[in-house]
Amino acid sequence: MAPLKVCIIGSGNWGSVVAKTVGMNAMRSNRFNPVIKMWVFEEIIDGRKLTDIINQEHENVKYLPGHKLPKNVVAVPDVHEAAAEADVLVFVLPHQFVSQVCEQLVGHIKSDAFGISLIKGIDYGPEGLKLISDIIRTTLNIEVSVMMGANIAREVAEDKFCESTIGSKNKRHGQILKELLQTPNFRIAVVENCDTVELCGALKNIVGVGAGFCDGMDCGDNTKAAVIRLGLMEMVAFAKMFSKGTVESTTFLESCGIADLVTTCYGGRNRKVAEAFVRTGKTIEELEKEMLNGQKLQGPQASVEVHKFLKNRSQTDKFPLFTAVYQICYEKRPVQEFITCLQNHPEHM
């Protein structure tokens, strides 16, 4: 078989880290074409095109400064050109741009291509709450797997050991994607419970915001442990409510579940920005501009989508932690009432 051509759709912080890993793996494997195309939303940095900087200096100086990309990773500013010949599409861009980019790709990709989404988010539209993989799947009519896990981008870029989880309903695709993405210090498990893997990746960010509130109020590690436990309970309950198929409880023991939740509550950007939200009194939007180079924070946005879903089903009272995060971020509920939410939270769900 001809080597599989790979295209990475997205080039932010996490996308650039993934490009580094995929680029190195493609050079070492006969399964993949060594040239990895990466679609880059063109920006001007100090008078130069970002794609030119990446292709000439092999570094994404805006989103992953200080880390060299393999020379076989080629930045392409036109999404049609980047994806045209690809057998494997790796989606790793902000979730609010997924629909727009996928619509641009309709009719411009191979009919037998397949994809994987590394996007931790959910979307609420006219048809209700949708997983990002479902948006990609239905728009492009391709099979889509997902990868979620305890993967803080800078630590993966520094080759520190971590784990991740691929959810794939197609076993062959799951193994190909594992070969594309796994390294000795980036260990991947493949499971079939795809929807639960993806939900974990979105919902844990809401809990991470709650953990940041606790840090901002100097509540201590005991309180944060309670946030993690109660947040995990709400994640499991929400997955059972949302999913049409069986929700395997063992999936929450994978990296996409408890491991990602813990690392988000102690080291993630959602926790960090939420702490600053409490200490500075600034809005989430102001802090995104100051702390994230203008990139959008996933946790508050996910709380909006989840709140719409729960409100339409009159279920907000059954998810007090998720609801409190939304109300504090967007309805000016006093952050001190987050502790009241914990005090009154049911011990079991």
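If you're wondering where the values come from, they're calculated on a predicted model, not measured in any experiment.
- Taking the charged nitrogens against the carboxylate oxygens, Arg48 and Glu57 do have a contact shorter than 4.0 Å, which makes a salt bridge.
- The structure places OG of Ser303 at 10.5 Å from CG of Leu321, a figure rounded to the nearest 0.5 Å.
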Trace of the side-chain contact (heavy atoms from CB on, under 4.5 Å) decision for Phe114 with Leu177: CA-CA 10 Å; Phe114 61 95; Leu177 293 165; 4.1 Å; yes
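- Of all non-hydrogen atoms in Gly201 and Asp260, the two that sit nearest each other are CA-OD2, 4.4 Å.
- Crowding of Asn222 atom CG: a count of heavy atoms from other residues, nucleotides or ligands under 6.0 Å not exceeding 12.
- Within a 6.0 Å sphere centred on NZ of Lys318, heavy atoms belonging to other residues, nucleotides or ligands number 12 at most.
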So Glu42 and Thr51, side chain to side chain donor-acceptor pair (under 3.5 Å) or not? Walk me through it. CA-CA 7 Å; Glu42 192 69 278; Thr51 51; 2.6 Å; yes
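- The pair Asp78-Lys37 fails the salt-bridge criterion, with no side-chain N (NZ, NE, NH1 or NH2) lying under 4.0 Å from an Asp/Glu carboxylate O.
- In this structure, the side chains of Ile9 and Val92 stay at 4.5 Å or more apart for every pair of heavy atoms.
- For Phe186, there are no ring pair (Phe, Tyr, Trp, His ring centres under 6.0 Å) partners at least two apart in sequence or on another chain.
- When all heavy atoms of Tyr63 and Asn13 are compared, the pair lying nearest together is O-ND2, 2.9 Å.
- Between the side chains of Lys311 and Thr316, no donor-acceptor pair is found at a separation under 3.5 Å.
- Gln298 and Arg269 form no side-chain donor-acceptor contact under 3.5 Å, judged by distance and modelled atom types alone.
- In this structure, Ile188 CD1 and Glu254 CD are separated by 12.0 Å, a value rounded to the nearest 0.5 Å.
- Other residues, nucleotides and ligands contribute at most 12 non-hydrogen atoms within 6.0 Å of the CZ atom of Arg187.
- Every residue meeting the salt bridge (charged side-chain N to carboxylate O under 4.0 Å, His left out) condition with Arg333, not counting sequence neighbours, appears here in chain and number order: Glu337.
- Scanning all heavy atoms of the two residues, the minimum distance from Ala302 to Ile122 falls at O-CD1, 4.3 Å.
- Each of Lys272, Lys282, Lys296 was evaluated against Glu288; a single residue qualifies, Lys296, per the salt bridge (charged side-chain N to carboxylate O under 4.0 Å, His left out) test.
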Walk me through it: do Leu203 and Glu234 pass the test side-chain contact (heavy atoms from CB on, under 4.5 Å)? CA-CA 9 Å; Leu203 298 176; Glu234 292 196 14; over 6 Å; no
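- Considering NZ of Lys62 and CD1 of Ile45, their distance stands at 5.0 Å, rounded to 0.5 Å.
- Residues Val73 and Ile116 share a single hydrophobic cluster, defined by chaining ILVMFWY side chains whose heavy atoms lie under 4.5 Å apart.
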Go through the steps to decide whether Lys169 and Glu192 satisfy the test salt bridge (charged side-chain N to carboxylate O under 4.0 Å, His left out), and finish with yes or no. CA-CA 5 Å; Lys169 296 171 184 176; Glu192 292 185 21; over 6 Å; no
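- Atom NZ of Lys240 sits in a sparse spot, with 12 or fewer heavy atoms from other residues, nucleotides or ligands closer than 6.0 Å.
- Under the 4.5 Å side-chain heavy-atom criterion for ILVMFWY residues, no single connected hydrophobic cluster contains both Val207 and Tyr326.
- Within a 6.0 Å sphere centred on CG of Asp317, other residues, nucleotides and ligands contribute 12 heavy atoms or fewer.
- Taking a 6.0 Å sphere around NZ of Lys178, one finds it holds more than 12 heavy atoms contributed by other residues, nucleotides or ligands.
- What you find for Ala19 and Met38 is that their closest heavy atoms are CB-SD, 3.7 Å.
- Between the side chains of Glu198 and Ser117, no donor N or O sits under 3.5 Å from an acceptor N or O.
- A heavy-atom distance below 4.5 Å is not found between the side chains of Glu59 and Leu69.
- Taking His108 as the reference, His80 meet the ring pair (Phe, Tyr, Trp, His ring centres under 6.0 Å) condition, with sequence neighbours excluded.
- Looking at Asn151 and Ser164, their side chains do bring a donor and an acceptor atom within 3.5 Å of each other.
- In this structure, Ala274 and Gly212 approach most closely via the heavy-atom pair CB-CA, 3.8 Å.
- A side chain to side chain contact (heavy atoms under 4.5 Å, CB included) with Cys194 is found for exactly one of Ile166, Leu199, Val146, namely Val146.
- No donor-acceptor distance shorter than 3.5 angstrom exists from the side chain of Arg137 to the backbone of Gly115, with no hydrogens or angles considered.
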Show your working on side-chain contact (heavy atoms from CB on, under 4.5 Å) between Phe242 and Val247 and close with a plain yes or no. CA-CA 10 Å; Phe242 176 84; Val247 174; over 6 Å; no
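- Note on Ile44: it does not cluster hydrophobically with Phe41, by side-chain heavy-atom contacts below 4.5 Å among ILVMFWY residues.
- Comment: Arg271 engages Glu275 in a salt bridge, judged by a side-chain N to carboxylate O separation of less than 4.0 angstrom.
- For the pair Arg313 and Phe309, the cation-pi test (distance below 6.0 Å, angle within 45°) is passed.
- No hydrogens or angles considered: nothing links the side chains of His307 and Gln327 as a donor-acceptor pair under 3.5 Å.
- Rounding to the nearest 0.5 angstrom, the gap separating the SG atom in Cys214 from the CG atom in Asp221 is 10.5 Å.
- Lys130 has a carboxylate O that lies under 4.0 Å from a charged side-chain N of Glu127, or vice versa, which qualifies the two as a salt bridge.
- By the 4.0 Å N-to-carboxylate-O rule, Lys5 lies too far from Asp87 to be salt-bridged with it.
- A distance of 9.5 Å separates OG of Ser249 from CG of Asn193, quoted to the nearest 0.5 Å.
- Taking the centre and axis of the six-membered ring of Tyr266, the NZ or CZ atom of Lys224 falls inside the cone set by 45° and 6.0 Å.
- Asn141 CG: 12 or fewer foreign heavy atoms inside a 6.0 Å radius.
- Note that the SG atom of Cys265 and the CG atom of Asn270 stand 9.5 Å from one another [nearest 0.5 Å].
- With contacts defined as side-chain heavy-atom distances shorter than 4.5 Å, the pair Leu140/Phe91 qualifies.
- For the residue pair Gln301 and Glu305, a side-chain donor N or O sits within less than 3.5 Å of a side-chain acceptor on the partner.
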Evaluate side chain to side chain donor-acceptor pair (under 3.5 Å) for Ser243 paired with Asp195, printing each intermediate quantity in order. CA-CA 7 Å; Ser243 299; Asp195 290 355; 5.2 Å; no
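- Under a hydrophobic-cluster definition in which Ile, Leu, Val, Met, Phe, Trp and Tyr are linked whenever side-chain heavy atoms come within less than 4.5 Å, directly or via other members, Met291 and Ile152 are assigned to different clusters.
- Side chains of Glu179 and Ser29: a donor-acceptor N/O pair is present below 3.5 angstrom, by distance only.
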Show your reasoning for whether side-chain contact (heavy atoms from CB on, under 4.5 Å) applies to Val18 and Leu181. CA-CA 8 Å; Val18 170; Leu181 292 157; 4.0 Å; yes
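- If you chain together hydrophobic residues whose side chains sit under 4.5 Å apart, Ile339 and Phe213 fall into the same group.
- The local environment of NZ in Lys308 is crowded, with over 12 non-hydrogen atoms from other residues, nucleotides or ligands closer than 6.0 Å.
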